[in-house]
Structure formats: structure tokens, C-alpha cells
Q: 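Following this message is one structure expressed as C-alpha cells.
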There are 2 protein chains.
Amino acid sequence: MTVNALKRQPLYAQVKQVLRQRMAEGEWRAHDALPSEWDLAGELGASQGTVRKALTELVADGLLYREQGRGTFVAPVPSDWGESSLLTPGLFQEQPDELAREFLGLSRLNASEDIAAALKLRRLAPLWRVRLLWRWHAAPVALDDVLLPAETFDTLDARWLRSSEGVHATLQQRFGVRLKVVCEQFRAEMLPREEASLLGVTGMVADVPALCLLRLSAGMDGQPLEWRQRYCLTHQLAYTVKHD
Amino acid sequence: MTVNALKRQPLYAQVKQVLRQRMAEGEWRAHDALPSEWDLAGELGASQGTVRKALTELVADGLLYREQGRGTFVAPVPSDWGESSLLTPGLFQEQPDELAREFLGLSRLNASEDIAAALKLRRLAPLWRVRLLWRWHAAPVALDDVLLPAETFDTLDARWLRSSEGVHATLQQRFGVRLKVVCEQFRAEMLPREEASLLGVTGMVADVPALCLLRLSAGMDGQPLEWRQRYCLTHQLAYTVKHD
DNA sequence: AAGTGGTCTAGACCACCTA
DNA sequence: AGGTGGTCTAGACCACTTA
């Protein structure tokens, strides 16, 4: 077995791990085809059935997709917005394709107690803080604070974020880490002053309700790696979550 | 094969269907053990591997759970609140166990265009409308409008709802239908007058932001069967969604 | 010790896509 | 026609639970 260096893990889990690593190393790009089940079985020293089980789970994890008769392919990087989408007030129908992301800045701060606990860090651990503004047809609709453990991503560079497809794409390309959403929490609040000004909500109509979203994301191994807080204006758009 | 009456479906899907039906008919109660994989394979005329695949998917669907060395068991009915929970302002830690449901009434109305489309009904199709109030430590925190296709659930009786574990439990017990959440949509709004009064938000402080939640649920076959609209007060509690 | 679910294999056949 | 994923089988061994 070529994969037996890892111990006490089922063979299919080792196959998953090897494939995840080879994907992170950039062996294939999005929509590239993987070798067939039989070829992988030969390469990795497992049976075709075991490789199938690993591939099935990687599809469930969102890393791959399959097409009957054609092959198994690398799934594209998910957008920062995650599995969720912004939609118009109509019920679920329309696409959020006009959504644009604007990078506002990168700074450092120390973790509050709550956030340190959520990210499983010690108190006051150093964090990166990325601020993003989302626009829909040019109008600001949401503002993000993205907090990342600075020791894990110590070489993070603002230039990467300014020019990339997004924070999640940068983490995947520069650090080989793929995020999945663990938990989201929703509140309705009156929009605070600072966020109101960044979202272009001006003086007299300052009493605007906002959807306040907290989101914890983790790597595929379950390690929490991103804390994100978002204020959304929902006059024109609603925030939707699809299940399964 | 005892299950081959259905055609052109993979054998494991037929096994799933048979087991779902037997569960809906009340052959087992929550936490009862199913027969072993080998016994089911014998009963149903499939191999143990095929039965395993069916059981694995039913576990993924949330209908069953398994324990190594002990057996396969029927999962309990999910609460109306669904996979989601109400939590205190602390980040994700606490349990929503003090949540109580109060049945306010059952009435009939005709579907609006939006809702008819979401439920895949014709315009003005008759609907049941169930109103529910949620309390947390006695204080009202959320108000539900539940819309159900009246022709599908024509014998629905208010007495069932008043005395049961909830709408979803009633539908499962009386109609053999199990719901799963398809899609949820979130907005922040100022609380409308009628809802404010039902939630006990009194006169002068009437300008309260509320979390407005729309939810579409479907049977396990994908047929949309429930439309639910909820206003949540999020001063004390936030609404959370867990993924995977 | 017996029974259960969990993993793994080898081989077969089918449905679908591409060339 | 040949390659791919999708289904199905039969048999083996392991890890865990229960009595």
C-alpha cells in the first residue's frame, strides 16, 4: 500500500486524504478530470470499490463532482458568499450574479474572548481582520468583517486579497486550505453608525433594520479557521440558505 | 424480489422506499431497532451490501441512526423548529430547551401567486393556515404562519394540532409524511403592527427590528408541502443554522 | 461467544458519453 | 467500440456491544 504511512485510519479515509492533498498542491485545476476509479485504485493500492467510497464522500464534501459516463472532476472554488445567495424579494427564483466584492482593507487585532473560543485560540491571540463591501448593481448591500488566525496565515498579504477571487480562494491557493461553513447565526438589529456610513446609509434615514450574520467556517479537518460577521441591508434583497 | 413492483428504480432505492413506508405505517417507534442488515436482506430479496447502501442513505436523510455493534435505530421526529435552534447571545454555546410552542388557531385561505408557485399549486389553491407562537422562558420570541396544501391534508383537524408535538409530528403521524427543509430566506424588517401585538410588543416601543424568515419544506420525495413564515425577536436570542 | 455494524475485495453487469 | 461512472453480489475480516 502506498498510502499506509498514516495509521489506524480506514483505507478509504487515507485515499480521501491523499486526493485532498494532491488537489491542494494544484495537481489539477477546477473542472479537470481525475483519473478513473480503476487507475486511482492501481496508483493508490486500493480496490475500485474503496476508491469509489472515497470519491463519493469527496463529492458530498463539495470538492468533486461526477458525471455519468464522462468522469470525476474537480469542483470550482466556492465564492466567499458561501453556499448562500442574495436574492431579490421574489421567492427564491432569481440569481445573485450581479454581486461584486470590494476589498476595503487588512488590519491586525487581538481576539476577544468570544471569538478566541469560537476559533479555539487562546485569549488575545493575534488575528487578521479583512473588511469587504458587497455591492449589488453598484448599490452597497453588505459589509463583512473577516477574522482569521494570524499565526496560521502569517504570510497573508493584502495584495493577494485585492487581486484575488476572494478570501476563500486566496486561502486555498496560498495555504491549501478549503473552508466549509460550520454554523451561521442570524439577528435583526438596527444598523450601527459606522456600518451605516460604510454602507452609504445617510443621515436622516439612519434608523434602518439590518440582518446581522455571524458565521464560523472550518477546514475540511474540522479546525475552525474563519470568523465572519456581516451586516446586510435587506430592503431589496434577502439572504437565503439552501439545505442539501 | 419482493420489492420489484416499482420499476426502473435501483434496488437500493426500492429498499429505501419500502423502509420509509414501513416506518410511516408505524411498524417501529422512535429509537426502536430495525432488523439487522442480513435479516433485511433476506426479507427484501437484496444483498447485505445493497441494504447497507439504503440504510446509509436513510441515515443521511435523518430517518435512522446507527451504533456500532448495537444496531440501526429509528430517529426521533424532528421538532417544528427544524434543524435550527434558538440560542442566547453567547456564540453558539447554549441549548434552546426552554422553547415552548403555543397553538393559536387553524384557518383556511387561498394561495397567493408567490406561495402557489413555491408549493407547485395552481393559483388560489386552498391552503390550511396554522398560527403558532413560540415562547422562551414564557416570553414570546417568534410567531409562525404555517401554510399547507389543503387538498393534500384534507382531513387535518385542529384538535390534533392542539395536543400534538407539533405540525411536523402531526403530519408524520396522521399522513405518513416526513418533512425536510429545502430553503430558508432571511430578512430584517421593522415588526408589523399585527405581529407586534401578538408578540406582546407594546405601543411606544413599537419600532422594533425583527428577523423575518421564510421557509419551504418538502417531503422526502422532494414534493413541496409546507410554507412557513416566521417573525423572530432577536433581542435576547439569535437564530442559528448548523451545516452538515 | 454471538450478533451487530464497518471496511475491503473481486468480479459482474448496466447506462451513459465520446469518438 | 471503448471508457466512464452506477449498481449489485458474495464472501471475508475487523471492531464494538451485549449477554
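Order of the sequence lines sets the chain letters (A, B, ...), proteins ahead of strands, with each chain counted from 1. Remember, predicted model here, so these are calculated numbers, not experimental data. For the numbers below, each heavy atom of this structure counts, side chains included, while hydrogens, waters and symmetry mates do not.
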Q: B/Y12 has an atom OH; how far is it from atom P of C/dC14, in whole Å?
A: 18 Å
Q: Taking the minimum atom-to-atom distance to the side chain of B/P10, which one of D/dG6, C/dG6, D/dT7 wins?
A: D/dT7
Q: With a 4.0 Å cutoff (strictly under), does any side-chain N or O of B/K53 reach OP1 or OP2 of D/dT7?
A: yes
Q: Rounded to the nearest angstrom, tell me the gap between atom CZ in A/F73 and atom C1' in C/dC16.
A: 13 Å
Q: Could you work out which one of C/dT7, C/dG11, C/dT9 sits closest to the side chain of A/Q48?
A: C/dG11
Q: Taking the side chain of B/T72 as heavy atoms from C-beta outward, which of C/dT9, D/dA10, C/dG5 is closest to it?
A: C/dG5
Q: Between C/dA10, D/dG5, C/dG5, which nucleotide has the shortest distance from any of its atoms to the side chain of A/E37?
A: D/dG5
Q: Heavy-atom nearest nucleotide on DNA chain C for A/W38 versus B/R66: which residue maps closer to 5'?
A: B/R66
Q: Does the side chain of A/L55 come within less than 4.5 Å of A/L19's, by heavy atoms?
A: yes
Q: How many Å lie between CG on B/L44 and P on D/dT9, as a whole number?
A: 11 Å
Q: Side chain of A/L11 only, please: which of C/dT9, D/dT7, D/dC16 is the nearest?
A: C/dT9
Q: Between the base of D/dG6 and the side chain of A/R52, is one N or O donor paired with an acceptor at under 3.5 angstrom?
A: yes
Q: Roughly, in whole Å, what's the span from CD in A/Q9 to C1' in C/dG6?
A: 13 Å
Q: For A/T50 and for A/R70, find the nucleotide of DNA chain C with the closest heavy atom, then tell me which residue's nucleotide is more 5'.
A: A/T50
Q: Rounded to the nearest angstrom, tell me the gap between atom CD in A/E57 and atom P in C/dG6.
A: 12 Å
Q: Specify the separation, in whole Å, of atom CG of A/L64 and atom C1' of D/dG5.
A: 13 Å
Q: Could you state the CD-P distance from A/Q14 to C/dT7, rounded to the nearest angstrom?
A: 12 Å
Q: Going from OG1 on B/T72 to CG on B/D32, what distance comes out if it is rounded to the nearest 0.5 angstrom?
A: 12.5 Å
Q: Measure from the side-chain heavy atoms of B/S36 and tell me the nearest of C/dT9, C/dT4, D/dC8.
A: C/dT4
Q: Which whole-number value in Å describes the distance from B/Q68 CD to C/dG3 P?
A: 17 Å
Q: Atom CZ of A/F153 and atom CG of A/L148: how far apart are they, to the nearest 0.5 Å?
A: 6.0 Å
Q: Measure from the side-chain N and O atoms of A/R215 to the backbone N and O of A/E226, and report whether any donor-acceptor pair falls under 3.5 Å.
A: no
Q: Over 60° means perpendicular and under 30° means parallel, so tell me whether B/Y65 and B/H31 are parallel, tilted or perpendicular.
A: perpendicular
